[in-house]
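In what follows, a single structure is set out as structure tokens and then discussed.
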Number of protein chains: 2
Amino acid sequence: MVLSRIILGLLALAPMTGYDLKRHFDSTVGHFWTADKAQIYRTLAQLVAEGLAEVETVAGSRAPDRQEHRITAAGRAALAAWLASEPERQVDRDPFLARVFFGADLDDGGLRLLFAQRRAATRAQLARFERMRAGAEASDRGARLRLATLDNGIAHLRTELAWLDAVEGEIGE
Amino acid sequence: MVLSRIILGLLALAPMTGYDLKRHFDSTVGHFWTADKAQIYRTLAQLVAEGLAEVETVAGSRAPDRQEHRITAAGRAALAAWLASEPERQVDRDPFLARVFFGADLDDGGLRLLFAQRRAATRAQLARFERMRAGAEASDRGARLRLATLDNGIAHLRTELAWLDAVEGEIGE
DNA sequence: ATCCGCATGTAAGTGGTTACATGATTCG
DNA sequence: CGAATCATGTAACCACTTACATGCGGAT
């Protein structure tokens, strides 16, 4: 459900192929939703079957044929309805915190490695997000909202680093 | 995989029924992992089939029979191996942020409602976590680590509220 | 020649949710 | 008398991941 609406939202910006969508899930919307191509192609077929999108085969001038998907009027209505509906409840599943929770069974070295890995991963992602932020501008309301979602990710990554400092300080002693 | 190891971790603390485990997923470990009973019973059966846990039927003195599950030596080894293994990469999927991202198609009232709902949900969860925190003590290393995972949740919820303040301030003007 | 980017999809499996179904005991 | 808690499980479905499979065009 959420995936199909995000795809509709992206198609509302411009007609796209499954491949184009995949690139969006790897970049612009990747900080709050990911999807792999098997999922994307399946969902696109579904949207077409439901009449929320339509396909047009564009002969590849110098590449394979593109299956361009375009949002329909019904699709725009479905998108608007979803935007105004109550957000699905979010599940937070964190394999790292699961390890920390049972971390008493781990020796000091293992625990330090666990935190070090988390710190490295968090830093790397923060750097990625900050690069994305730098190359964006808040021209209109839509752009400001899209930037706000990125800022949300950045804020949480910084919080994670601060938490790591606190916990490692406590453990280190 | 992660679910089965968390269950092993809980069974390492004490033998339990599926019902007991469900209560843990609703309370102590709920802030980083959730599971419903269908999943729990299925996974318990799997663990027994793999020899990582064993069952003992305890006749109910004043209630239904309990299927007590106990971790085996092989189970402890599997738990230790998982603890020392590299954490599975975490997927962050947030239906709320997805709505904000496409929020330009929403009118001002819709947008304000969206943020208000998020704020209420965040506050409610923060209150729950803080109550849990108050009733806990950091006696030994294990308890400190378990508390740290709760503090992680609290820190992120506070960050979310701060982010909401910032975004709503910007939108409101 | 070989690899990378573009572009499409299928098959099989795992993980997770929802709905259905049963039954005893205890507390108000 | 009814609701809540304890306790178990099945069936069906939906969401997501991984692996397999193909083929063109352009750059090194």
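Below, each value reflects all heavy atoms present in this structure, side chains not excepted, and no hydrogens, waters or symmetry copies. Letters go in sequence order (proteins before strands), and every chain restarts at 1.
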- line: Applying ring-ring contact (aromatic ring centres under 6.0 Å, His included) to A:His24 and not counting sequence neighbours gives none
task: Report the residues that fulfil ring-ring contact (aromatic ring centres under 6.0 Å, His included) with B:Phe32, sequence neighbours left out, ordered by chain and then residue number.
output: A:Phe101
Rounded distance in Å - [atom1] ([X]) to [atom2] ([N]):
X	N	atom1	atom2	result
B:Glu68	D:dT8	CD	C1'	14 Å
A:Phe25	D:dT17	CZ	C1'	15 Å
A:Lys22	C:dG9	NZ	C1'	15 Å
B:Gln90	D:dC16	CD	C1'	16 Å
A:Leu44	C:dT10	CG	P	12 Å
B:Glu56	D:dA7	CD	C1'	16 Å
B:Leu21	D:dC6	CG	C1'	14 Å
A:Arg66	C:dG5	CZ	C1'	13 Å

- request: Establish, with yes or no, whether the OP1 or OP2 oxygen of C:dG9 is under 4.0 angstrom from a side-chain nitrogen or oxygen of A:Tyr41.
  value: no
For nucleotides 14-18 of chain C, give me every protein contact, N/O to N/O, under 3.5 Å, one pair per line with atom names.
residue : atom : partner : partner atom : Å
C:dG15  : OP1  : B:Met1  : N            : 2.9
C:dG16  : OP2  : B:Gln39 : NE2          : 3.0
C:dG16  : O5'  : B:Gln39 : NE2          : 3.2
C:dG16  : O3'  : A:Arg93 : NH2          : 3.4
C:dG16  : N7   : B:Arg42 : NH1          : 3.3
C:dG16  : N7   : B:Arg42 : NH2          : 2.8
C:dG16  : O6   : B:Arg42 : NH2          : 3.4
C:dT17  : OP1  : A:Arg93 : NH2          : 3.1
C:dT17  : OP2  : A:Arg93 : NH2          : 3.3
C:dT17  : OP2  : B:Gln39 : OE1          : 3.2
C:dT17  : O4   : B:Arg42 : NH2          : 3.3

query: According to the side-chain hydrogen bond (donor to acceptor under 3.5 Å, both in side chains) rule, which pairs have a member within residues 33-42 of chain A, sequence neighbours left out?
result: A:Thr34-B:Arg93
task: For the residue pair B:His69 and B:Glu56, confirm or rule out a side-chain donor-acceptor distance under 3.5 Å.
output: no
message: Under the rule for side-chain hydrogen bond (donor to acceptor under 3.5 Å, both in side chains), what residues qualify as partners of A:Arg141, not counting sequence neighbours?
response: B:Asp108
task: Not counting sequence neighbours, which residues clear side-chain hydrogen bond (donor to acceptor under 3.5 Å, both in side chains) with B:Asp92? List them please.
output: none
task: With a 4.0 Å heavy-atom cut-off, tell me which residues in residues 11-19 of chain A come close to DNA chain C, sorted by residue number.
output: A:Thr17, A:Gly18, A:Tyr19
Restricting to side-chain contact (heavy atoms from CB on, under 4.5 Å), what partner residues turn up for [X], sequence neighbours left out?
X	value
A:Ala78	A:Arg5, A:Leu8, A:Leu52
B:Asp20	B:Met16, B:Thr17, B:Arg23, B:Arg66
B:Ala138	B:Arg144, B:Leu147

Distance-only donor-acceptor hits, side chain of residues 127-135 of chain A, under 3.5 Å, sequence neighbours excluded:
residue  : atom : partner  : partner atom : Å
A:Glu130 : OE2  : A:Arg158 : NH2          : 2.5
A:Arg133 : NH1  : A:Asp151 : OD1          : 2.7
A:Arg133 : NH1  : A:Asp151 : OD2          : 2.9

- prompt: Which of these, B:Arg112, B:Arg118, B:Arg119, sits in a salt bridge (charged side-chain N to carboxylate O under 4.0 Å, His left out) with B:Glu168?
  reply: B:Arg119
task: Identify which nucleotide among D:dC6, C:dC6, C:dT8 has an atom closest to any side-chain atom of A:Gln67, counting heavy atoms from C-beta outward.
output: C:dT8
message: Between the opening five pairs and the closing five pairs of the helix from C:dA1-D:dT28 to C:dG28-D:dC1, how far apart are the helix axes, to 10°?
response: 30°
